[in-house]
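What follows is one structure encoded as structure tokens, with my remarks underneath.
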Amino acid sequence: MIKEIEIGFSPEQASNPDNFKKSIATFLRINEKEISHFNLVKKSIDARKQNIILRLKFEVFVNESVLPGNQDHFYKHKNVKNAHEVAIIGSGPAGLFAALELIEN
């Protein structure tokens, strides 16, 4: 079974990736040995309150074989350093989506 979960960590906890598997197992209420693999899919920062929380989204493989294409896809974007320069006017949802599409293509 493949699950997508989001867990909040303090900055100190998030700085030590060795603890992620234990936190994921605790969150899912399963044994760590049942986790075949996990990918970090998304990071975000919640600074609305005094205590800052890092929200980490994981794709978790529970008792599931991992296909080669499903591993570690976070932060694997094309190098766009030498690409054509493009200007996007507006930073609303459409502008941000356009920027994402341009980066991916």
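Note that the structure is a prediction, hence the values are computed from the model and not measured. Index from 1, following the sequence.
- With rounding to the nearest 0.5 Å, the separation of CD1 in Ile88 from CD in Glu101 is 10.5 Å.
- Salt bridge status for Lys22 with Glu32: absent, with no side-chain N to carboxylate O gap under 4.0 Å.
- Between Ile35 and Ile24, the closest side-chain pair of non-hydrogen atoms falls below 4.5 Å.
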Q: Start with the C-alpha distance between Glu6 and Arg55, add both sets of side-chain angles, then the distance that settles salt bridge (Lys or Arg N to Asp or Glu O under 4.0 Å), and finish with yes or no.
A: CA-CA 6 Å; Glu6 187 173 308; Arg55 312 275 318 153; 3.0 Å; yes
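- Put simply, CD on Glu34 and CG on Asn63 are 5.0 Å apart, with the number rounded to the nearest 0.5 Å.
- The NZ atom of Lys42 sits 9.5 Å away from atom CD of Glu4, with the distance rounded to the nearest 0.5 Å.
- If you chain together hydrophobic residues whose side chains sit under 4.5 Å apart, Leu40 and Ile53 never meet in one group.
- The aromatic rings of Phe58 and Phe9 stand perpendicular to each other, their planes meeting at an angle above 60°, with 30° marking the opposite boundary.
- More than 12 heavy atoms of other shown residues, nucleotides or ligands fall within 6.0 angstrom of atom NZ in Lys21.
- The CD1 atom of Ile52 lies 10.5 Å from the OG atom of Ser10; values are rounded to the nearest 0.5 Å.
- Although no hydrogens or angles enter the test, the distance criterion places no donor-acceptor pair under 3.5 Å between the side chain of Ser36 and the main chain of Val62.
- Within the model, atoms CZ of Phe38 and CD1 of Ile5 stand 9.5 Å from one another, a figure rounded to the nearest 0.5 Å.
- A 4.5 Å side-chain heavy-atom check between Phe20 and Ile7 finds every atom pair outside the cut-off.
- Side-chain contact between Leu54 and Pro11 is present, with heavy atoms from C-beta onward closer than 4.5 Å.
- When side chains are defined from C-beta on, Phe61 counts as touching Asn39, because their heavy atoms get closer than 4.5 Å.
- Atom CG of Leu96 has more than 12 heavy atoms from other residues, nucleotides or ligands within 6.0 Å.
- Under the 4.5 Å side-chain criterion, counting only non-hydrogen atoms from C-beta, Asn51 is not in contact with Lys49.
- The distance from the CG atom of Asp18 to the OG atom of Ser23 is 11.0 Å, given to the nearest 0.5 Å.
- For the pair Ile2 and Glu59, the minimum side-chain heavy-atom distance is below 4.5 Å.
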